[in-house]
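Below is one structure, written out as structure tokens; the observations come after it.
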Protein chains: 2
Amino acid sequence: MKFSISEENYIKSIYHLQVLHQRVNTMMLAEMVKTKAASVTEMLKKLHKKKLIDYEPYKSFILTDTGNKIALNIIRKHRLWEFFLVNKLGFNWDQVHDIAEELEHINSSELISRLDEYLQFPSFDPHGDPIPNSKGKITDLKRSNLIDIPLKKTVVVSQIKDQSITMLDLLKHFKIGIGTKIKVNKRFEFDGSVEIKIDQMPNAVLSNQVAKNIYCVI
Amino acid sequence: MKFSISEENYIKSIYHLQVLHQRVNTMMLAEMVKTKAASVTEMLKKLHKKKLIDYEPYKSFILTDTGNKIALNIIRKHRLWEFFLVNKLGFNWDQVHDIAEELEHINSSELISRLDEYLQFPSFDPHGDPIPNSKGKITDLKRSNLIDIPLKKTVVVSQIKDQSITMLDLLKHFKIGIGTKIKVNKRFEFDGSVEIKIDQMPNAVLSNQVAKNIYCVI
DNA sequence: AATTATTTTTAGGTTTGCCTAACTTTATTT
DNA sequence: AAATAAAGTTAGGCAAACCTAAAAATAATT
Ligand SMILES: [Mn+2]
Ligand SMILES: [Mn+2]
Ligand SMILES: [Mn+2]
Ligand SMILES: [Mn+2]
């Protein structure tokens, strides 16, 4: 079965919202796909008819197993393309999302399996998010939030939750990226901010709002 | 200015038809974009309003200078992606057209200039067609048709005109590709067929219809 | 429990791109 | 020059996605 670009974007967004909130409702989804609630309702009816979501009017909804598989395949494509853009074409990690947003809809399983092989079957995209394999299986790492890791322990940044341009821009300023070795010197009770140390860099303080979005492997 | 995928496909098709026939008419274009004449007329009105074609009702039409530039940019993207698919991902030249047909609509000049650089600024795509540079300039080779080249002279296949799957399939069978060294032993007046010789291969006879589509550099 | 606020759906429109059928213009035959 | 054929346009409709405004259902307050 083939799906329109719109349908694919809705499916993928439902998936991401489910990861955060278990079940999804109309308003959340409308905001994520940048449209109005009325348009979402129409699409929900269509996705339900195609058996991609479990949906009853006025209730929250979730993907069916088929819906889930389709979502994972789109995410796989998105993340493989992001990896390609950064590691082969030399883009910065904060430039690739919008392009991958288009590339993820290119329709060819042969293309994706060859791309995967060409990239040597990467497990994580440039933002540290896991890339589902061809069967849709995700193998993720155990990661701790910068807020929670023990003081004075050097850990490695491995995932950024908020991937807005503004966030990625801030991280670039502090020279924080996936793979960066980082140490928390101090945690300030008052506002939840943390003082960090990165090799070759002066001490720096990150707000709680920033620190919450940085995950590390110990 | 941004254009829809449909608009881009029409513009590109007009360009290709112009190369063959100088001016384009409704029926030709309808056949090329696989739609009906009525739909073409509607699109012609839109493209004319956007100043991409010179068009008057009931007359044949051509691209304006702007239209031409846009066409060349789409063709550039198409051929760069084809080059990528064959030379980096290992596709055969007969598998890449449909995928490039989708990839050519991805919207990012940064992406294309990086891809171009990554591929080391190739001049020809896997079918021997010239790739316009970033300014839209094409530098093509002088090529002779297999029908016309002198007998017993070894030449190099450099372009295939008809790129249908069936044609590419036939060429694969005879081990003819871009770069293949080829010699015409004999030309048969009766049906215009030619007997050819390729290294490591027995003599073979190509029909006039096939030979007409093969171009070589001497 | 009743009122108010929020969420969700429905109703009615718009745009893009496609279609068929009817009509008009241009080209080709007789 | 008329008649016929072919090409091109217009008219009227349809499906996909979007929209605003109104109505219905659910949730939150008083
Ligand atoms: Mn997308
Ligand atoms: Mn990512
Ligand atoms: Mn195309
Ligand atoms: Mn080509």
Side-chain angles (χ1 to χ4, degrees), chain A residues 1-14 17-18 20-63 67 70-71 74 101-102 104-107, chain B residues 1-14 17-18 20-63 67 70-71 74 101-102 104-107:
Chain A
M1 236 200 207
K2 274 199 58 183
F3 303 99
S4 72
I5 291 178
S6 255
E7 287 171 323
E8 290 194 349
N9 282 335
Y10 275 95
I11 294 165
K12 194 185 60 166
S13 296
I14 296 171
L17 288 169
Q18 264 184 238
L20 295 174
H21 304 104
Q22 283 60 249
R23 300 189 65 89
V24 184
N25 56 46
T26 308
M27 296 287 288
M28 284 158 57
L29 186 48
E31 198 203 333
M32 178 152 275
V33 299
K34 291 184 172 48
T35 185
K36 299 295 153 69
S39 309
V40 169
T41 303
E42 279 179 8
M43 183 58 89
L44 293 178
K45 284 193 269 188
K46 205 188 330 168
L47 295 179
H48 179 244
K49 194 150 45 171
K50 294 190 180 183
K51 294 195 159 63
L52 300 178
I53 57 172
D54 287 333
Y55 166 68
E56 281 178 88
Y58 293 102
K59 302 235 174 93
S60 64
F61 44 89
I62 52 169
L63 291 169
I70 291 159
I74 303 163
E101 202 58 45
E102 293 189 44
E104 71 189 358
H105 304 292
I106 303 287
N107 219 308
Chain B
M1 238 204 206
K2 273 198 60 183
F3 303 98
S4 73
I5 291 177
S6 255
E7 288 170 324
E8 290 194 348
N9 283 334
Y10 275 94
I11 294 165
K12 194 185 62 167
S13 296
I14 296 171
L17 288 170
Q18 264 184 240
L20 296 174
H21 304 104
Q22 283 60 249
R23 298 189 66 88
V24 184
N25 56 46
T26 308
M27 296 288 288
M28 285 159 55
L29 187 48
E31 199 203 332
M32 178 152 272
V33 299
K34 289 185 173 45
T35 185
K36 297 297 153 71
S39 310
V40 170
T41 302
E42 278 179 6
M43 184 58 89
L44 292 179
K45 283 194 270 186
K46 206 187 331 167
L47 295 179
H48 179 243
K49 193 150 47 172
K50 294 189 179 183
K51 294 198 161 64
L52 301 178
I53 57 172
D54 287 333
Y55 166 67
E56 282 177 88
Y58 294 103
K59 302 238 173 91
S60 64
F61 44 89
I62 53 170
L63 291 170
I70 291 159
I74 303 163
E101 203 59 43
E102 292 190 45
E104 71 189 358
H105 304 291
I106 303 289
N107 219 306

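Quick caveat, the model's predicted, so the values are computed rather than measured. Below, all heavy atoms of this structure are taken into account, side chains as well, without hydrogens, waters or symmetry copies.
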- Message: Side-chain N or O of Tyr10(B) versus OP1/OP2 of dC18(C): is the shortest distance under 4.0 Å?
- Response: yes

Note: for Glu7(A) and Thr26(B) on DNA chain D, the residue whose nearest nucleotide lies more 5' is Thr26(B)

Practice task
Kindly indicate whether the side chain of Ile14(B), heavy atoms from C-beta on, has any atom under 4.5 Å from the side chain of Leu29(B).
Solution key: yes

> Is there a side-chain polar atom (N or O) of Lys45(B) under 4.0 Å from OP1 or OP2 of dT10(D)?
Replying inline: yes

Rounded to whole Å, the NE2-P distance (His21(B) to dA7(D)) equals 13 Å

Under a 4.0 Å heavy-atom cutoff, the residues of residues 51-59 of chain A touching DNA chain D are Tyr58(A)

Carboxylate-amine/guanidinium proximity below 4.0 Å for Lys36(B) and Glu31(B): no

Is it the case that the side chain of Ser39(A) and the backbone of Thr35(A) share a donor-acceptor pair, with hydrogens and angles ignored and the cut-off at 3.5 Å? no

For this session: Please determine if a side-chain N or O atom of Lys36(B) lies less than 4.0 Å away from the OP1 or OP2 oxygen of dT20(C).
Result: yes

In whole angstroms, the gap separating P of dC19(D) from NZ of Lys34(A) amounts to 12 Å

Phe61(B) near the nucleic acid: base, sugar-phosphate alone, or nothing, with a heavy-atom cut-off under 4.0 Å? nothing

Across the strands shown, which category fits Ser39(A) at heavy-atom distances under 4.0 angstrom: base, sugar-phosphate, nothing? base

query: Given side chains that start at C-beta, do those of His48(B) and Glu56(B) come closer than 4.5 Å, heavy atoms only?
result: no

To the nearest angstrom, the CE-P distance between Met27(A) and dA28(D) comes to 14 Å

Rounded to whole Å, CD of Glu31(A) lies from P of dT8(C) at a distance of 12 Å

note: Leu29(A), atom CG; dT7(C), atom P; distance rounded to Å ~ 14 Å

Review point. Between dT10(C) and Thr41(A), is there an OP1 or OP2 to side-chain N/O distance shorter than 4.0 Å?
Key: no

It should be established whether Ser6(B) places a side-chain nitrogen or oxygen under 4.0 Å from OP1 or OP2 of nucleotide dT16(C). no

Quiz item: Within a strict 4.5 Å, meaning less than it, do heavy atoms of the His21(A) and Met28(A) side chains meet?
Solution: yes

Next item on the list: Answer yes when Glu101(A) and Lys12(A) have at least one side-chain N-carboxylate O distance shorter than 4.0 Å, and no when they do not.
Entry: yes

Exercise. Do the non-hydrogen side-chain atoms of Glu102(A) and His105(B) ever get within less than 4.5 Å of each other?
Worked result: no

note: Glu42(A), atom CD; dG13(C), atom P; distance rounded to Å ~ 15 Å

When rounded to whole Å, the CE to P distance for the pair Met43(A) and dT9(C) reads 14 Å

From the candidates dC19(D), dT9(D), dC19(C), the one with an atom nearest any side-chain atom of Ala37(B) is dT9(D)

In whole angstroms, the gap separating C1' of dT15(C) from NZ of Lys50(B) amounts to 12 Å

